[in-house]
Amino acid sequence: GAVVSQHPSRVICKSGTSVKIECRSLDFQATTMFWYRQFPKQSLMLMATSNEGSKATYEQGVEKDKFLINHASLTLSTLTVTSAHPEDSSFYICSAAPTGGGEKLFFGSGTQLSVL
Amino acid sequence: GENVEQHPSTLSVQEGDSAVIKCTYSDSASNYFPWYKQELGKRPQLIIDIRSNVGEKKDQRIAVTLNKTAKHFSLHITETQPEDSAVYFCAKRNQFYFGTGTSLTVIP
């Protein structure tokens, strides 16, 4: 089946620093990737939709300048949390929809971000 | 973001009993309805999905039913086993908004 790789799986950083998370589709091309945030025992909250070659579409309430998304190729999307604060600590997970492959969505393994 | 209404938020059943989780949506454009299972600290896994042109789909102990008129779809798990314990999410196209989640516990 389709595989989505997400790195790092866990990161601890100091307040004020930036953290980059990578999401790669290993065996398929993905024109569209999605970034979610998940708090413990809660649902996946869609943060933004990443489109290859164009600007990401952010959900209401998500700061574009804080959560920078780049989707430079059909297999890679990155999320950069800039000037991280403790309240940004969360589980971030990406997903990818195969180009021309229907509606199925495949998830990365997630990144647990802890900001000290 | 736009979430899908999902009930119940928690569900405990005895092993062997059935579990039913329901999701309600509001727009008429949705035509694909997947269900995901997420174990603690792991990625969501697609377990079953249904398209709007059918009313029911079954895969062994798991089934999904769709009522387009009432705009709700349900996940049915029969003969539950302890390994079914997890959080279950429904979702709807087009932007893959997820339901609020149901924590299912199967008691041995």
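Every chain is numbered from 1, with letters handed out A, B, ... down the list of sequences.
When atom types are taken as modelled, the side chain of A:K66 and the backbone of A:T82 share a donor-acceptor pair closer than 3.5 angstrom.
Taken together through direct or relayed side-chain contacts under 4.5 Å among Ile, Leu, Val, Met, Phe, Trp and Tyr, A:L44 and A:L113 form parts of separate hydrophobic clusters. Under the 4.5 Å side-chain heavy-atom criterion for grouping Ile, Leu, Val, Met, Phe, Trp and Tyr, A:F28 is not connected to A:L74 through any hydrophobic cluster.
In summary, the side chains of B:S18 and B:H76 do not present any donor paired with an acceptor at a separation below 3.5 Å, with no hydrogens or angles considered.
Neither the backbone nor the side chain of B:Q45 comes within less than 4.5 Å of any heavy atom of chain A. Contact of A:Q112 with chain B is not made at all, since no heavy-atom distance falls under 4.5 Å. Both the backbone and the side chain of A:L105 come within less than 4.5 Å of a heavy atom of chain B.
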